[in-house]
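Everything on this sheet refers to the single structure shown next.
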Amino acid sequence: MHPIARNLRRAGAEKKPMDRSLLYISRKTIPLETDKAEIANILATARVHNAKVGITGGLINTNYAFAQLLEGPGEAIDDLMERIEDDPRHVNVQILRYYPITRRKLPDWSMAYSGPSSYVANRIEPLLGKDLEPDHRQIDRLAAMLVQFASAHDDPAELAEARGEPPPAWS
Ligand SMILES: Cc1cc2nc3c(=O)[nH]c(=O)nc-3n(C[C@H](O)[C@H](O)[C@H](O)COP(=O)(O)O)c2cc1C
């Protein structure tokens with residue numbers, strides 16, 4: 001083999017494979033009465049499993065829909081997505097985008113979570129069931145909102161700001 005080709009091959013082999021980012025939305029099948037408990041179950045499983053395989057991300061939901069961002073090694077994401085797609089707690093799992101990334105948006109959360117809100121609903125629900133011609137701007141806005149909400153999830157002031165609401169009153 002030509003020395004340059006050999007060097008290139010070596011460089012390629014030593015390069016760490018890039019992480020990938022996947023965003024999907026789905027329609028919930030969980031009855032409202034058991035919603036809280038089921039989401040707690042999902043998060044408990046997700047936090048243990050994702051930490052083990054190097055996945056981070058965020059989950060948001062409305063009364064009817066989920067949106068989830070998964071970031072990490074491609075093989076781990078593919079493997080997890082197979083299980084998520086088979087999960088009976090939702091249907092119509094629509095992958096909106098999936099591509100290699102150099103930097104994660106939610107590197108510090110094995111699975112960040114933000115509870116339901118009508119603001120989130122307005123961003124997710126119009127996209128549900130639309131598999132024709134995805135609107136990339138709408139998808140990017142959803143991803144940005146998910147990152148903002150998920151990373152603000154335990155700070156009521158940041159969450160209010162993300163929702164465009166006045167800051168919570170001091171108690
Ligand atoms: C909306 C939604 C999001 C989920 N996110 C994750 C996740 O990030 N990580 C995870 O391990 N499981 C997640 N799960 C749970 C998986 O679908 C599955 O139940 C779990 O990985 C256990 O799979 P197993 O029973 O085949 O071992 C999610 C489920 C739902 C409905």
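All heavy atoms count here, side chains included; hydrogens, waters and symmetry mates do not. Both ligands and their constituent atoms are indexed starting at 1 by order of listing.
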| query | Same cluster for Leu69 and Ile139 if Ile/Leu/Val/Met/Phe/Trp/Tyr side chains link at under 4.5 Å? | reply | yes
| With the threshold set at 4.0 Å, does a side-chain nitrogen-carboxylate oxygen contact exist between Arg103 and Asp19? | no
| message | Suppose we screen for side-chain contact (heavy atoms from CB on, under 4.5 Å). Which residues come up paired with Glu75, at least two apart in sequence or across chains? | response | none
| salt_bridge(Arg83, Asp87) N-O dist < 4.0 Å | no
| task | Show the numbers, then the answer: is there a side-chain hydrogen bond (donor to acceptor under 3.5 Å, both in side chains) between Gln68 and Tyr24? | result | CA-CA 6 Å; Gln68 189 174 29; Tyr24 76 80; 2.5 Å; yes
| task | Find out if a path of hydrophobic residues (ILVMFWY) with successive side-chain heavy-atom gaps under 4.5 Å connects Leu127 to Val91. | result | no
| Residues lining ligand 1 [heavy-atom distance under 4.0 Å, listed by chain and residue number] | Tyr24, Ile42, Thr45, Ala46, His49, Asn50, Phe66, Gln68, Leu70, Leu80, Arg83, Ile84, Asp87, Arg89, His90, Met111
